[in-house]
Amino acid sequence: MAMRKIINDPSLVEDQTVAGILAAFPDHLKRVEGSTRALIRADAPVAGKVGIATGGGSGHLPLFLGYVGQGLATGCCVGNVFSSPSAEDMLDVTKAIDSGAGVLYLYGNYSGDTMNFDMASEMAEMEDIIVKTTLGRDDVTSAPNEEMERRRGVAGIVFGFKIAGAAAEEGRDLDSVHAVAEKAVFNTRSMGVALSGTTIPAAGQPGFEVAEGQMELGMGIHGEPGVEIGPLLTADEIAGQMLDRILPDLPFSSGDAAAVLVNSLGATAPEELYILYNKASQILGDRGIKVHRAFIGEYATSMEMSGASISICKLDDELISLLDAPAYSPLLSQQLGR
Amino acid sequence: MAMRKIINDPSLVEDQTVAGILAAFPDHLKRVEGSTRALIRADAPVAGKVGIATGGGSGHLPLFLGYVGQGLATGCCVGNVFSSPSAEDMLDVTKAIDSGAGVLYLYGNYSGDTMNFDMASEMAEMEDIIVKTTLGRDDVTSAPNEEMERRRGVAGIVFGFKIAGAAAEEGRDLDSVHAVAEKAVFNTRSMGVALSGTTIPAAGQPGFEVAEGQMELGMGIHGEPGVEIGPLLTADEIAGQMLDRILPDLPFSSGDAAAVLVNSLGATAPEELYILYNKASQILGDRGIKVHRAFIGEYATSMEMSGASISICKLDDELISLLDAPAYSPLLSQQLGR
Amino acid sequence: MTDEVLGIFKTISEEVVPQADTLRELDAKIGDGDLGITVTRGMEAVIAGLKELEGTPVSNQLARSGMAFNRAAASTFGVLFATAMMRGGAAVKDREDVGASDVAAIGQAAMKGLMDRGKAKIGDKTLLDALAPAIEAFDKANAAGKSLREATGAAVAACETGTTATIEMQSRVSRAGWMGERSIGVQDPGATAVLFMLQAAQSWVNANSEPQTNGGL
Amino acid sequence: MTDEVLGIFKTISEEVVPQADTLRELDAKIGDGDLGITVTRGMEAVIAGLKELEGTPVSNQLARSGMAFNRAAASTFGVLFATAMMRGGAAVKDREDVGASDVAAIGQAAMKGLMDRGKAKIGDKTLLDALAPAIEAFDKANAAGKSLREATGAAVAACETGTTATIEMQSRVSRAGWMGERSIGVQDPGATAVLFMLQAAQSWVNANSEPQTNGGL
Ligand SMILES: Nc1ncnc2c1ncn2[C@@H]1O[C@H](COP(=O)(O)OP(=O)(O)O)[C@@H](O)[C@H]1O
Ligand SMILES: Nc1ncnc2c1ncn2[C@@H]1O[C@H](COP(=O)(O)OP(=O)(O)O)[C@@H](O)[C@H]1O
Ligand SMILES: [Mg+2]
Ligand SMILES: [Mg+2]
Ligand SMILES: [Mg+2]
Ligand SMILES: [Mg+2]
């Protein structure tokens with residue numbers, strides 16, 4: 001079983017990752033007592049403020065643990081690689097971050113996560129904690145526009161964390177934080193392309209393969225298939241195809257302001273992301289869409305998967321001010337505030 | 001010619017990367033007129049302050065362009081992938097960033113770079129610009145301790161940028177900035193391990209291969225061979241072997257304060273870096289070495305190479321205050337200031 | 001039937017974990033490839049918790065085992081397994097004596113729980129398509145006075161048919177739903193896991209019950 | 001000899017670029033694998049600049065071509081190529097008329113420049129080990145009154161021997177120096193590039209000079 005991975009026992013990958021994060025940033029994060037997989041801001045619960053809980057499978061760093069911080073999410077739990085955390089861990093996080101102002105669940109639309117978060121929110125309600133939920137469902141290739149509620153979440157949820165996190169930090173109430181999270185998530189559309197699969201450590205062999213010289217257009221971050229598999233196109237062609245699907249979907253129109261996120265799925269180098277962005281920014285310019293801010297780097301990965309995604313979030317004045325508010329996490333690819 | 005890369009014409013990778021960076025961060029960086037490969041801080045030359053110029057091959061982002069910013073380097077030029085920039089570009093950067101306070105050249109010890117920077121400094125002197133040079137030579141596996149001047153630079157140069165950059169920002173003179181850069185570089189030791197090679201786009205095929213299940217201990221960031229090739233060890237064993245070579249080399253002793261950088265060469269996932277750090281921090285703790293601060297992420301890469309390095313910088317009070325000073329670049333894996 | 005539940009879980013672990021790779025492969029084809037790991041880690045956690053469940057009511061054994069599974073291997077399958085066990089257990093809550101005829105009630109409660117939690121319908125290419133016919137066949141056999149062994153055999157046979165039928169279905173929910181037509185042609189991994197579990201339960205029944213007797217075990 | 005320099009560069013480009021892959025392979029073995037690209041991009045830049053150098057002094061043609069090479073393909077080889085051309089050019093500075101007998105002076109000045117810039121010694125397994133014997137052989141033949149064609153032939157032969165000798169050497173400098181003993185057994189890529197260039201120069205000489213005449217071309 002040969003994998004190109006620097007790990008110990010494959011079944012310890014998740015716990016040792018969490019332990020390493022805690023060892024690296026002890027002033028920033030703390031563990032929820034009794035759980036190896038649930039971490040919260042060192043200063044949580046934050047008095048008077050809405051808590052934001054997120055979570056999902058391991059293997060996506062800096063998603064999800066990297067988005068816990070000031071002006072971002074308040075707490076998080078992670079499951080095994082590419083698997084949901086448990087409802088029990090979610091409940092533990094919920095209780096640990098609730099200051100009485102209620103908790104927003106903000107995570108990606110995957111059945112394991114939704115079913116576990118739903119179970120957690122039922123349990124939280126029994127303990128008198130008010131919970132609202134916002135689902136990231138930005139991947140335009142995962143279902144047609146009319147079936148948006150089936151779409152999966154990919155890197156675009158980053159805008160949700162930033163915007164909802166800033167709203168919570170401002171001291172808004174749960175309804176208001178939830179409303180702006182919904183707006184951020186709704187205004188965001190993404191598409192990815194994968195040039196290779198990835199290997200779950202405990203499985204030891206790639207769950208998915210993409211032959212060299214091929215690419216999967218629209219592949220999800222766990223290797224879920226996309227719209228088509230075909231020969232690897234040039235960066236300019238890829239950027240073009242992505243924007244051709246993303247822009248009409250909301251739609252984004254001339255005069256709109258937008259934030260753009262070019263994300264590496266893991267192995268794809270920063271150089272390639274800038275080459276993609278170079279073309280994307282030209283296309284957006286040609287269409288009259290103004291880039292308020294660009295984020296380029298690793299924001300949501302699939303371990304060593306090769307590939308990239310582009311996410312675009314349409315901004316209004318409220319979203320701009322929340323996007324530009326300060327935020328801090330030592331795990332992030334690029335600080336999200338100014 | 002199948003590569004898992006999102007690019008256009010392979011011969012345009014470098015120029016389109018630079019163009020993408022400029023498109024993404026126009027408020028942060030500007031181009032030196034007449035050069036496609038030379039970028040400087042948007043506010044350079046910074047009146048009254050020493051300029052810091054760096055440079056090296058393309059293919060290492062965020063190295064080198066990512067380290068241009070407030071509290072970091074002032075200007076940079078990049079060459080083709082894994083090749084030096086030209087003396088002429090370096091001269092252009094030097095002239096563009098010199099405010100009259102002189103310029104520090106801070107870059108890694110590779111012959112193409114040293115010969116070109118030397119030629120540039122000769123030309124700069126003819127134009128009455130005072131230049132001093134500090135070379136990153138942190139890789140302990142590249143030559144024995146007695147032949148330190150032959151050692152190559154790897155990710156440890158990040159500490160040099162942060163510390164010299166903060167000193168220049170404080171308004172110190174060239175001699176003082178140079179002295180503290182020398183101290184930072186001298187106090188830093190690194191070692192890397194590679195699990196795969198990487199493909200120079202214009203070459204189209206990997207220059208180096210590491211068979212799956214094998215690793216090269218001490219491999220350099222262009223695939224320069226290290227101390228030995230052998231079976232892939234566990235993360236804990238790798239961390240142990242790295243620290244066994246790094247710690248005695250300076251040496252680092254009980255009671256020392258240190259900054260630790262765990263760097264991905266590209267494809268290696270953040271999860272694996274945290275697993276490495278988890279063990280490294282235990283070993284350092286056992287040896288009585290106090291980690292003042294940990295940096296974990298992509299700081300110096302080789303495109304899609306799989307592997308990681310650990311760099312450790314011994315800190316005194318002066319270095320601690322410079323390391324903790326604010327700094328900003330939108331390309332960085334983790335903001336280097338607080 | 002008190003510690004019989006524990007015996008069945010042990011047999012499931014012994015017989016299903018060795019088939020984890022088949023589940024991994026199927027899930028890799030139309031899901032994300034983790035179902036083999038999920039079942040392995042989940043059943044390990046169930047087994048690790050059995051000792052302290054000895055002698056406790058069946059409802060507690062079921063619920064606690066389900067939660068242990070999902071805590072160790074949370075996922076769609078994990079939370080559904082937990083839900084089925086919790087709801088199934090609730091159907092015999094506070095009952096000291098649970099017999100073969102209660103299995104029908106447990107199964108129906110579990111089914112209802114799964115449908116509440118997952119919001120999928122029969123025919124959506126999920127584990128429901130394996131479990132629903134199995135429960136129905138068991139009920140029918142049980143109502144007709146068949147032995148536990150016979151009823152279990154009927155359930156497993158119906159489960160096999162249901163599982164095989166998922167091959168031709170197009171997934172409409174969750175991960176495989178994103179594949180659209182590309183999901184046709186692959187047997188649903190979750191349905192397959194349910195089939196393996198019921199087959200293991202059948203092994204236990206055959207080894208531990210009289211061929212002809214109905215009622216107690 | 002004025003635009004003869006340009007002719008030689010053209011021939012070098014034509015004959016060496018097709019061998020770039022050999023250089024890439026050698027450099028991949030004991031360096032970083034970029035030398036094939038370096039020579040290709042560098043010579044392309046030289047050729048692109050030739051037009052505007054037509055009719056200018058040899059010293060300018062050499063220096064400007066060297067700088068164009070390094071600007072397009074800066075690297076150890078690039079800066080050394082530039083240094084050799086600049087220093088070689090300086091040896092015939094402001095001279096309108098450069099003949100075959102000046103080639104010796106150009107070569108010696110280039111050698112000196114390379115040693116100043118790279119600080120390597122003969123025997124360190126670098127391009128110096130190919131170039132030094134070639135220049136020496138050329139000088140000797142030239143001093144003995146041989147024709148340009150004969151002197152060039154002697155230089156190329158010496159260069160071949162020198163290049164082959166690098167196989168058994170252990171690198172002591174730069175990138176290959178880090179390999180220590182593992183550098184033994186591979187022919188030095190930079191030396192090989194120099195050999196290919198001199199072989200191309202020889203092709204040009206053979207096509208453009210009289211077999212027996214010394215002096216002008
Ligand atoms: N909504 C649903 N209701 C019932 N079963 C479902 C539902 N969605 C998926 N499943 C079942 O779960 C199986 C996949 O389980 P698992 O691998 O744990 O999913 P994931 O990895 O996506 O969390 C599917 O094969 C299917 O049988
Ligand atoms: N110090 C030196 N002096 C002279 N030649 C050198 C020196 N160092 C390296 N070389 C030559 O340069 C060649 C490598 O060139 P190149 O591929 O451009 O190097 P790099 O990629 O390391 O910048 C070597 O094969 C050797 O012939
Ligand atoms: Mg999963
Ligand atoms: Mg090179
Ligand atoms: Mg799965
Ligand atoms: Mg080279």
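The model shown is predicted, which means the values in this text are computed figures rather than measured ones. Sequence lines set the chain letters: A, B, ... in the order given, protein chains first and strands last, and positions in each chain run from 1.
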Non-hydrogen atoms of chain A under 4.5 Å away: do they reach the side chain of [X], the backbone, both or neither?
{"X": "C/Leu80", "answer": "side chain"}
{"X": "C/Arg182", "answer": "side chain"}
{"X": "C/Ala72", "answer": "backbone"}
{"X": "C/Thr40", "answer": "neither"}

Contacting region of [X] [heavy-atom separation from chain C under 4.5 Å]:
{"X": "A/Asp113", "result": "neither"}
{"X": "A/Glu14", "result": "side chain"}
{"X": "A/Ser11", "result": "both"}
{"X": "A/Glu122", "result": "side chain"}

So do [Y] and [X] actually touch side chain to side chain, heavy atoms under 4.5 Å?
{"X": "C/Ser65", "Y": "C/Phe9", "answer": "yes"}
{"X": "A/Phe82", "Y": "C/Ser75", "answer": "no"}
{"X": "A/Leu106", "Y": "A/Val185", "answer": "yes"}

Point to revise | Within 6.0 Å of CD in C/Glu136, more than 12 heavy atoms from elsewhere | key: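 No, because the 6.0 Å sphere around CD of C/Glu136 holds 12 heavy atoms or fewer from other groups.
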*asked:* Would you say CD of A/Glu33 has more than 12 non-hydrogen atoms from neighbouring residues, nucleotides or ligands within 6.0 angstrom?
replied: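 Check fails, neighbour count at 12 or below.
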Output the option from A/Arg150, A/Arg152, A/His222, A/Arg151 having the highest count of non-hydrogen pairs under 4.5 Å with chain C.
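The candidate making the most pairs under 4.5 Å is A/Arg152.
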Check your understanding: Relative to chain C, which of A/Gly220, A/Ala87, A/Gly112, A/Gly57 shows the most heavy atom pairs under 4.5 Å?
Key ->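 It is A/Gly112.
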For A/Gln205 and C/Arg24, which I'm curious about, is there any donor-acceptor pair between the side chains at under 3.5 Å?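 On atom types as modelled, these side chains qualify, holding a pair under 3.5 Å.
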*asked:* Assess the residue pair A/Asp249 and A/Arg189 against the criterion (salt bridge (Lys or Arg N to Asp or Glu O under 4.0 Å)); give the C-alpha distance rounded to whole Å, side-chain angles, the decisive distance to 0.1 Å, and a yes or no.
replied: CA-CA 8 Å; A/Asp249 197 84; A/Arg189 303 298 152 100; 2.5 Å; yes
If you count heavy-atom pairs under 4.5 Å between each of C/Met67, C/Met179, C/Arg41 and chain A, which one has the most?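 Top option by heavy-atom pairs under 4.5 Å: C/Arg41.
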Output the option from C/Asp27, C/Val173, C/Asp34, C/Asp21 having the highest count of non-hydrogen pairs under 4.5 Å with chain A.
->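 Highest number of pairs under 4.5 Å: C/Asp34.
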| message | Working note: C/Asp124 + C/Thr126, criterion side chain to side chain donor-acceptor pair (under 3.5 Å); need CA distance, chi angles, decisive distance, verdict. | response | CA-CA 6 Å; C/Asp124 280 352; C/Thr126 69; over 6 Å; no
